[in-house]
Amino acid sequence: MGGSGGFGVRREPGANETVEVRAALSRLRRDSGLPVAFGGLRAGAGCCRINELAGTETAVLRGLDIMRGNGLGGKAVALSRPLAVTDYSASSVISHEYDAAVAAEGLRSVLAVPVIVRRRVRGVLYGALRRPVRLGDRPLSAAMEVARELEQALLLQDEAARLLSVSLPQALDKQGAPSTAGDPARWEEVREAHGELRGLAQRVGDPLLRQQLLAACGRLATASSRRPGTDGPAPALAPRELDVLACVASGATNAEVAERLGLRPETVKSYLRSTMRKLGAHTRLQAVIAARRAGVLP
């Protein structure tokens, strides 16, 4: 089941990643028909740790460190492709470092699928039966699809972390207070990151992560601070109106906004019209300027 090298720098799975793995295992059981699923992400150099279980009768697999090339998962990781065995303990195509744990859980037929993000293994997912049955195409295809979905979720999390690491230090000082002393070029980076973060927030499946991203967007927007002379409260834009305006501020056309946010072009136009009305603007550019003056956009 796991690997001893090639995983790169140490990275402990975070809370958001754990949520995604847990959801992936639930989908794997549902879509594959396999009653047992377990897996985990990279937890150190050469180590992938099983930290989530679904449908198991014991906790013996939890915390098991999987090394590259060892067992079924380790071989799947080494080869970067899915593998399956009909009877785990009797299989001649894998090594048997983990037989005791597998036997204690009563598992016989097992499949393993590596989770690969940007061509690097980030984890491994397993599905299993408690009887020796040849696993057909359906469970293997379902497990592969679940792994691809998990890869996309992790990719979105990575991109969000990258954008935050670029934008927040430029928009806020070390105490977290707004800082507008940066040069215009750096502020354009912040504004671009803000638009991308709002777009990412609509694509992530984890509600907590979505909330965190939107909160970060709010911090970026207020970091620019309202311009002197701006009277009254900031306009109350709906979340989708702000999403559309953030995309427009980055230079996107209506068609590009629609593609980014998964909306119809006519819907984008409707949101933009209502946003312009609330901001007292007659053009897209005026709407963006008004939103920045009001501290709604960075």
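Excluded from the calculations below are hydrogen atoms, water molecules and symmetry mates; all remaining heavy atoms, backbone and side chain alike, are included. For clarity, every value in this text was computed on a predicted model and none was experimentally measured.
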Shortest non-hydrogen contact between [X] and [Y], atoms and distance:
| X | Y | value |
| --- | --- | --- |
| Ala24 | Val146 | O-CG1, 3.2 Å |
| Ala101 | Val60 | O-CG1, 3.6 Å |
| Thr58 | Ala104 | CG2-O, 4.2 Å |

For [X], check salt bridge (Lys or Arg N to Asp or Glu O under 4.0 Å) against everything at least two apart and list the hits.
| X | result |
| --- | --- |
| Glu149 | Arg27 |
| Asp87 | Arg108 |
| Arg30 | none |
| Glu241 | Lys278 |

Sequence-distant partners of [X], side-chain hydrogen bond (donor to acceptor under 3.5 Å, both in side chains), two or more places apart:
| X | result |
| --- | --- |
| Arg81 | none |
| Asp99 | His96 |
| Glu159 | Arg162 |

- Out of Asn51, Leu125, Leu107, which one pairs with Phe38 under the side chain to side chain contact (heavy atoms under 4.5 Å, CB included) rule? Leu107
Considering residues at least two apart in sequence or located in another chain, which fulfil the side-chain contact (heavy atoms from CB on, under 4.5 Å) criterion with [X]?
| X | result |
| --- | --- |
| Ala84 | Leu111, Leu135 |
| Arg277 | Ser274 |
| Glu57 | Glu105, Arg130 |
| Leu214 | Arg198, Ala201, Gln202, Arg210 |

- Connected via hydrophobic side-chain network under 4.5 Å: Ile116 and Leu79: yes
- Message: Could you see if Val77 belongs to whatever hydrophobic cluster contains Leu72? Use Ile, Leu, Val, Met, Phe, Trp, Tyr and a side-chain cutoff under 4.5 Å.
- Response: yes
- With a cutoff of under 4.5 Å between side-chain heavy atoms, which Ile, Leu, Val, Met, Phe, Trp and Tyr residues group with Leu285? Ile289
- Item | Over 12 non-hydrogen atoms of neighbours within 6.0 angstrom of CE in Met276 | yes
- Task: Give a yes or no on whether a salt bridge exists between Arg138 and Asp31, defined as a side-chain N under 4.0 angstrom from a carboxylate O.
- Result: no
- Is Arg148 salt-bridged to Glu145, going by a charged N under 4.0 Å from an acidic O? no
- Item | Step-by-step side-chain hydrogen bond (donor to acceptor under 3.5 Å, both in side chains) determination, Arg260 to Ser250 | CA-CA 12 Å; Arg260 287 185 195 178; Ser250 71; 3.1 Å; yes
